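Here the structure comes first, spelled out in structure tokens, and everything after it is commentary.
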Amino acid sequence: MNNKAVLLVLFRRPDLTRSLIAAVMAAKPDRVYISIDGPRTSVAGECTQVDEVSKIVHAAGWPCSIEIRRSPTNLGAGNHVREAISWFFQHEEAGIILEDDCIPHGDFFRYCWRSLIESRDSSTMSIGGYSPVPERLVGSNSVRRSRYPMTWGWATWAKSWEHYSFDLGDWRDRLSPATLAKIGAGDPWFSTYWSAKFDSLQFGTRNIWDYQWVFAVWSQGGHGLLPRVNLVQNRGFGAASTHSFIERKIYATPAAPLYVDGAAGVSQRVGDFNAAADRYLHRHFYQSGYAYPLTATGRALARTLINRYLR
């Protein structure tokens, strides 16, 4: 693919930034856009961490065109990512998006760039690289359609991003309960779970951005693509994480090669929707479906036990 563009969304993690830059440089993109969020004045030492990330970026010796923007203030995880992506698509028609904790396998780039070219169906709006579903559930196709637009290492088009809204407002005007239930395909508690998520985002007050992307895709009748194996490992857990302080086993699914025996040189086989694979994501990744009849305390306890003993 010509004009291979990548956006890196960075913050305060120098070691992960080094790993991510090495992976991106090995893929030899044509252009790289880098957005660095500013430090929080209330967090000791964060200014030094952000400065170190900036120094790493500028000293990397990029063999391609780069554009760098750094926020003078802290925008937060939600606002920074969505502003960075909007900035990216002011300049590019399509491209790959990687946050600093998402370390991709080399096949991730080939898969994304080929999918951006070969996916001519307008309902395909998102190309995800993180796919922790066991291979026994996904079938033999190298790529499958999924209702879930996974965003731990992903790609999309500017025309798809135009449908994104940070503030969902009265979201039921754009995605009816009947349509949401149809997307759930009979999955227990699907509508309950996602209605609660979208309700919490009505006024753009939560410091997250990715559930809004799920909504954007579903409100347009769209879907995502996912690879047969996981192509991105998320290493952003622990004390330095913005949201996920405890690492769940499913989050740490290792990255693996997608192409073998020269398969990278042939057209990717895109399979249809896989109900079992999507149900696995719904129940294990999003942690919905096990405990929704319970109280909030009961759900928290159930998730703790599941994470500790069943993942």
Side-chain angles (χ1 to χ4, degrees), residues 1-10 13 16-35 60 62-64 66 81 84-85 88 92 94-119 124-135 138 141-146 148-157 160-161 210 213 223-237 250-271 277 281 285:
M1 176 182 178
N2 295 326
N3 300 320
K4 300 173 181 175
V6 179
L7 168 66
L8 304 184
V9 184
L10 310 179
R13 295 183 276 201
L16 289 176
T17 296
R18 290 188 184 93
S19 297
L20 179 58
I21 287 176
V24 172
M25 291 179 70
K28 300 180 180 179
D30 297 306
R31 289 182 303 285
V32 173
Y33 296 77
I34 300 169
S35 183
W62 296 94
C64 61
I66 62 167
V81 177
I85 297 172
F88 182 49
E92 300 291 341
I96 289 171
I97 300 149
L98 286 159
E99 295 178 71
D100 58 7
D101 53 5
C102 297
I103 310 302
H105 187 280
D107 283 354
F108 165 78
F109 297 94
R110 292 186 284 275
Y111 150 73
C112 285
W113 283 325
R114 291 178 56 195
S115 297
L116 287 171
I117 291 176
E118 296 176 5
S119 300
T124 300
M125 294 178 62
S126 188
I127 301 161
Y130 173 74
S131 182
V133 181
E135 287 190 59
V138 301
N141 290 307
S142 57
V143 182
R144 73 180 186 280
R145 294 174 178 85
S146 172
Y148 289 113
M150 305 296 281
T151 55
W152 285 0
W154 61 296
T156 190
W157 298 264
S160 296
W161 185 251
D210 47 353
W213 177 236
H223 62 263
L225 296 182
L226 291 175
R228 179 175 51 82
V229 298
N230 183 44
L231 293 175
V232 180
Q233 183 172 12
N234 191 314
R235 299 182 186 172
F237 302 96
I250 191 172
Y251 289 173
T253 304
L258 177 64
Y259 302 117
V260 295
D261 300 328
V266 299
S267 180
Q268 294 180 149
R269 292 179 299 162
V270 179
L281 289 172
F285 179 76

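Position 1 is the first residue of the sequence; numbering continues from there. Since the model is a prediction, treat every value here as computed from it, not as a measurement.
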For this session: Output, in order, the C-alpha distance, side-chain angles, deciding distance and verdict of side chain to side chain contact (heavy atoms under 4.5 Å, CB included) for Ile127 and Phe108.
Result: CA-CA 10 Å; Ile127 301 161; Phe108 165 78; over 6 Å; no

For this session: Show your reasoning for whether side chain to side chain donor-acceptor pair (under 3.5 Å) applies to Ser146 and His223.
Result: CA-CA 6 Å; Ser146 172; His223 62 263; over 6 Å; no

Problem set entry | Reported OG-to-CE distance for the pair Ser119 and Met125, which is rounded to 0.5 angstrom | 13.0 Å

Problem set entry | Side-chain touch Pro63/Met25, heavy atoms, less than 4.5 angstrom | yes

Exercise. Distance-only, no hydrogens or angles: does the Asp30 side chain make a donor-acceptor pair with backbone N or O of Lys4 under 3.5 Å?
Worked result: yes

Problem set entry | Side-chain touch Phe88/Thr156, heavy atoms, less than 4.5 angstrom | no

For this session: Drop me the distance from Leu225's CG to Ser142's OG, to the nearest 0.5 angstrom.
Result: 10.0 Å

Problem set entry | Check: Pro132 and Leu281 side chains under 4.5 Å, non-hydrogen atoms | yes

Exercise. Angle class for the Tyr130/Trp152 ring planes (parallel below 30°, perpendicular above 60°, tilted otherwise)?
Worked result: tilted

Exercise. Once you round to the nearest 0.5 Å, how far does CZ of Phe285 lie from CD1 of Ile250?
Worked result: 7.5 Å

Problem set entry | Qualifying residues under side chain to side chain contact (heavy atoms under 4.5 Å, CB included), relative to Ser19, sequence neighbours excluded | Ile103, Arg235

Exercise. Which pair of non-hydrogen atoms, one from Pro104 and one from Leu20, has the smallest distance, and what is that distance?
Worked result: CD-CD1, 3.9 Å

Problem set entry | Exercise: identify the closest heavy-atom pair between Ala256 and Val229 | O-CG2, 3.7 Å

Problem set entry | Smallest separation among heavy atoms of Tyr111 and Gly128, with atom names | OH-O, 2.6 Å

Problem set entry | By side chain to side chain contact (heavy atoms under 4.5 Å, CB included) - contacts of Arg228 (at least two apart) | Glu135, Val138, Leu258

For this session: Output all residues satisfying side-chain hydrogen bond (donor to acceptor under 3.5 Å, both in side chains) with Trp62, sequence neighbours left out; order by chain, then residue number.
Result: none

Exercise. Heavy-atom distance under 4.5 Å between the side chains of His105 and Pro257, does that happen here?
Worked result: yes

For this session: Measure the spacing between CG of Leu116 and OG1 of Thr124 and express it to the nearest 0.5 Å.
Result: 11.0 Å

Exercise. Measuring from Cys102:SG to Asn234:CG, what's the distance to the nearest 0.5 Å?
Worked result: 4.5 Å

Problem set entry | Whether Trp154 and Trp213 hold their rings parallel, tilted or perpendicular, with breakpoints at 30° and 60° | tilted

Seminar exercise, completed: Between the CD1 atom in Ile21 and the CG atom in Leu8, the distance rounded to the nearest 0.5 Å is 7.0 Å

Problem set entry | Backbone of Val232 reached by a side-chain donor or acceptor of Asn230 within 3.5 Å | yes

Problem set entry | Minimum heavy-atom distance Ala277-Val133, with the two atoms named | O-CG2, 3.7 Å

